[in-house]
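Quick one: structure below, then a few questions.
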Amino acid sequence: MKQKPTLPRGTRDYTPAMMLRRNYIISHIKEVFEKFGFLPLETPAMENLSVLMGKYGEEGDQLLYKILNQGDFLKNVQPEDLKKGSKLFALQIAEKGLRYDLTVPFARFVVMNQHDLAFPFKRYQIQPVWRGDAPQKGRYREFYQCDADVVGTNSLICEAEIILMMNEVLGKRLGIQGFEIKINHRKILAGIAEKIGAEGKENELCVAIDKLDKIGKEKVEQELLQRGFSENNIQALQPIFDVPANNEAKIQFLEDFLQNSAVGSEGIADLKQIFEYLQLFDSQTSFPVVVDITLARGLSYYTGAIFEVKVKNSAVGSISGGGRYDNLTGTFGLQGMAGVGFSFGLDRIYDVLEEQNLFPAQTQSTTQMLFTNFDKESEKFVLPLLKKLRDAGYKAEIYPQSTKLDKQFKYADKKQIPFVLVAGSEEMKNNEISVKNMQTGEQKRIKIENLQTFFQEQL
RNA sequence: GAGAAUGUAGCUCAGUUGGUUAGAGCAUCGGUUUGUGGCACCGAGGGUCGUGGGUUCGAGUCCCAUCUUUCUCCCCA
């Protein structure tokens, strides 16, 4: 009868201790998004499969969680339907699925509400997504994405603002050390492909070049050969393997290298414009932005600038990323809706903050004071005080039953509540209460009329 | 989809060439302290050893199957 409770594979509970820390991160992200004019949006956990299917490639369709139809889902099924194979049959008995990312539901939303929205439309969205992938270290079947997108504009001010937001959240607010905002441009990659005589093969080029810092030049060349690039292509690619490190020099180099390529030059012009906007926004700060031509990003719908944030000397991978796309809503029949978006990797940011020991102490607990409970008499004495302190804005609680003080103190200790208030017959007689500071162990008798001023000084 | 491990108390794990009633630490509860946490000491509860089959006088230990979880590759956040 007794069965062990379990969790579906690849999912986890977020304990109160974790939630306090996650909320700390999320609150900064939200504040910054809103400061830049992004508004919150939430969409349902489930979408119609017709919305989700075919948007993530064949593999993506496989990883979609499908929801069995309500009621008698076999009602209209014939025995021969089973012969169609499980993929097709699944679609006959499931018409809904769990969202796989936030971008496609967002595109769906934009199309459905196109006549009511104020364009350029800016929204942020922080919600879980589900993927039926094999879980691994740092990879889950349910995880959160924090996306912000602007649609309906080509302005590169948006790109510059993305850099500002990344810098403000990760650097200024959360205090992460040694992070780098890498930037590249799909058109530069296309230009390179064109220049080396492998026009139109920039996707393959991207996939291989993306691994440069992981597997090294030799292996990348091997992979390029395997992917159908010629020795000549690879020969022409050589200068790319030792571009200058400095941003300006790198842009200068690329400008020369790509001067005959129209697309390539467009990409360079965009990057220059983005840097110019950054200058205008703030000429004092030097943002940790690095032009990195090995940055490709897997997502095929990116068409302009692409971003990725990495922390140097950390095992945690990229903690933020994004890019510009030309045609977000095309598959839903709304053409020419260009935009740019990015997202923060909540779980990875969490790991980095833990690694760099950056969570403030107050993210350990929220209750500021605990009233102990002796008996009915002390309840009478203490409840009005509790109400007053709460009205004054303090987070306060009472141990709801009377048990041994020992137990009540252990409770406070475990919840890391900084103050414990004790009122027994001794104190009540003198209209006082004993206040114990749990960190120092110091205990004082305070007149109840002085309680609030006492806490004003202490907290 | 390919490969490699793993499973014993709530948690982390020990358990010898197969041999009585399967152990430890942490956690929980009780006591030393009927009004005071962290520290210490004493004590208690808690396990059909993942599941099914097989070998054996005897299986946590050996064999087969199955499931679970974890890791690597692929891909991704």
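Proteins get letters first, then strands, A, B, ... in listed order; numbering begins at 1 in each. Heavy atoms only: backbone and side chains are in, while hydrogens, waters and symmetry mates are out.
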Could you tell me whether A/S425 contacts a base, only the sugar-phosphate backbone, or nothing, with contacts defined as non-hydrogen atoms closer than 4.0 Å?
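Base contact.
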
To the nearest angstrom, how far is A/R12 atom CZ from B/rC11 atom C1'?
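Roughly 19 Å, once rounded to whole Å.
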
In this structure, how many angstroms lie between the C1' atom of B/rC76 and the NZ atom of A/K310, rounded?
13 Å

Do any N or O atoms of the protein come closer than 3.5 Å to N or O atoms of nucleotides 2-7 of chain B, and which pairs are they?
none

Go through B/rA77, B/rG35, B/rU36 for me and flag the one nearest to the A/F409 side chain.
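Nearest listed nucleotide: B/rU36.
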
Look at the side chain of A/D133 and decide which nucleotide, out of B/rC75, B/rU72, B/rG37, has an atom nearest to it.
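Nearest to the side chain of A/D133 among the choices is B/rC75.
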
Going by the ring pair (Phe, Tyr, Trp, His ring centres under 6.0 Å) test, which pairs reach into residues 164-189 of chain A, not counting sequence neighbours?
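Matches after skipping sequence neighbours: none remain.
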
Identify, with sequence neighbours excluded, every residue that meets salt bridge (Lys or Arg N to Asp or Glu O under 4.0 Å) alongside A/R99.
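A/R99: no salt bridge (Lys or Arg N to Asp or Glu O under 4.0 Å) contacts found.
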
Under 4.0 Å between any heavy atoms, over every strand shown, what does A/E308 touch: base, sugar-phosphate, or nothing? Just pick one.
nothing

Span that lies between the C1' atom of B/rU34 and that of B/rU28, in whole angstrom
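Per the computed distance, 22 Å lies between those C1' atoms.
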
Could you work out the separation of B/rG58 and B/rC42 based on their C1' atoms and round it to a whole Å?
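It works out to 38 Å between them.
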
Can you tell me, in whole Å, how much space there is between the P of B/rU61 and that of B/rA2?
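Roughly 29 Å separates the two P atoms.
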
In chain order, what residues pass the side-chain hydrogen bond (donor to acceptor under 3.5 Å, both in side chains) check against A/D326, with sequence neighbours excluded?
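A/T303.
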
Could you tell me how far apart A/L405 (CG) and B/rU34 (P) are, to the nearest whole angstrom?
11 Å

Measure from CZ on A/R139 to C1' on B/rC74 and round the result to the nearest Å.
9 Å

Taking the C1' atom of each, how far is B/rG38 from B/rA44, in whole Å?
23 Å

Reckon A/Q62 touches a base, only the sugar-phosphate, or nothing at all at heavy-atom distances under 4.0 Å?
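Counting heavy atoms under 4.0 Å across all strands, no contact is made by A/Q62.
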
Could you tell me whether A/Y144 contacts a base, only the sugar-phosphate backbone, or nothing, with contacts defined as non-hydrogen atoms closer than 4.0 Å?
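No contact at all - A/Y144 keeps every heavy atom at 4.0 Å or more from the nucleic acid.
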
Whole angstrom is fine here: how far is it from CD in A/Q408 over to C1' in B/rU34?
14 Å

N-O pairing of A/R141 and A/D133 below 4.0 Å
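A/D133 and A/R141: not salt-bridged.
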
Inter-nucleotide P distance (B/rG46, B/rU33), Å rounded
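28 Å, rounded to whole Å.
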
Pairing of A/R445 and A/E432 as salt bridge, 4.0 angstrom limit:
yes

Which residue pairs pass the side-chain hydrogen bond (donor to acceptor under 3.5 Å, both in side chains) test with at least one member in residues 168-177 of chain A, sequence neighbours excluded?
A/H28-A/R173, A/E31-A/R173, A/K35-A/E168, A/E168-A/R173

Distance alone, cut at 3.5 Å: any donor-acceptor contact between the side chains of A/S230 and A/N233?
yes

Comparing A/Q443 with A/S318, nearest RNA chain B nucleotide closer to 5' gives the residue A/Q443

Which value, in whole Å, describes the distance between the C1' atoms of nucleotides B/rA14 and B/rG60?
12 Å

With sequence neighbours left out, write down each residue that passes ring pair (Phe, Tyr, Trp, His ring centres under 6.0 Å) with A/Y399, or none if nothing qualifies.
A/Y411

Can you tell whether the side chains of A/E442 and A/K436 come within less than 4.0 Å, N to carboxylate O?
no

Who pairs with A/K404 by salt bridge (Lys or Arg N to Asp or Glu O under 4.0 Å), at least two apart in sequence or on another chain?
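With neighbours one apart ignored, the set is empty.
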
Checking A/Q125 against A/T43: is there a side-chain donor and acceptor pair closer than 3.5 Å?
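There is such a pair (donor and acceptor under 3.5 Å, judged by atom type) between the side chains of A/T43 and A/Q125.
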
Secondary structure of RNA chain B per the Watson-Crick/G-U criterion (both distances under 3.5 Å; [ ] crossing, | other strand, . unpaired) is (((((.(..((((.....[...)))).(((((.......))))).....(((((..]....)))))).)))))....

With stacking defined as ring centroids separated by under 5.5 Å and planes differing by under 30°, is A/Y411 stacked against B/rG37?
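So A/Y411 does not count as stacking on the base.
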
Closest non-hydrogen atoms of A/F33 and A/C146, given as atom of the first, atom of the second and distance, are CZ-O, 4.3 Å

To the nearest angstrom, how far is A/E426 atom CD from B/rG35 atom P?
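In whole Å, B/rG35 P and A/E426 CD are 12 Å from each other.
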
Using atom P in both nucleotides, what's the gap between B/rU51 and B/rG7 to the nearest angstrom?
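Roughly 13 Å separates the two P atoms.
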
Does the B/rG35 base have a donor-acceptor partner in the side chain of A/E427 within less than 3.5 Å?
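Indeed, a donor on one side and an acceptor on the other fall under 3.5 Å apart.
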
At 4.0 Å (heavy atoms only), tell me whether A/G321 reaches a base, stays on the sugar-phosphate, or touches nothing.
nothing

Looking across every strand, which nucleic acid part, if any, lies under 4.0 Å from A/R131 by heavy atom: base, sugar-phosphate, or nothing?
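Since a base atom lies under 4.0 Å of A/R131, the category is base.
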
B/rC41 to B/rC26 separation - P atoms, rounded to the nearest Å
9 Å

Measure centre to centre between the rings of A/Y100 and A/Y56, then say whether the value is under 6.0 Å.
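So the answer is yes for these two rings.
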
Can you tell whether the side chains of A/R22 and A/D347 come within less than 4.0 Å, N to carboxylate O?
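A/D347 and A/R22: salt-bridged.
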
Is A/R186 close enough and on-axis enough to A/Y302, meaning under 6.0 Å and within 45°, for cation-pi?
no

Students often get this wrong, so: under 4.0 angstrom with heavy atoms, is A/G424 touching a base, only sugar-phosphate, or nothing?
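A/G424: base contact, heavy atoms under 4.0 Å.
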
Checking A/R324 now: which residues fulfil side-chain hydrogen bond (donor to acceptor under 3.5 Å, both in side chains) with it, not counting sequence neighbours?
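Expected list: A/E159.
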
Determine, for nucleotides 26-31 of chain B in 5'-to-3' order, which nucleotides have protein heavy atoms under 4.0 Å from the base (write B), from only the sugar-phosphate (write S), or from neither (write -).
--S--S

Nearest-angstrom distance from the residue atom CD of A/Q127 to P of B/rA77
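Rounding to the nearest Å, CD of A/Q127 and P of B/rA77 are 18 Å apart.
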
5'-most by nearest nucleotide on RNA chain B - A/S343 or A/R445
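The residue closer to the strand's 5' end, by nearest nucleotide, is A/R445.
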
Sequence neighbours left out, what pairs pass ring pair (Phe, Tyr, Trp, His ring centres under 6.0 Å) with at least one residue falling in residues 146-177 of chain A?
none

Could you list the protein-to-nucleotides 67-69 of chain B atom pairs, N/O on both sides, closer than 3.5 Å?
{"unit_1": "B/rU69", "atom_1": "OP2", "unit_2": "A/R9", "atom_2": "NE", "d": "3.4"}

How many whole angstroms separate atom NZ of A/K436 from atom P of B/rG35?
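So the two atoms are 15 Å apart, to the nearest Å.
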
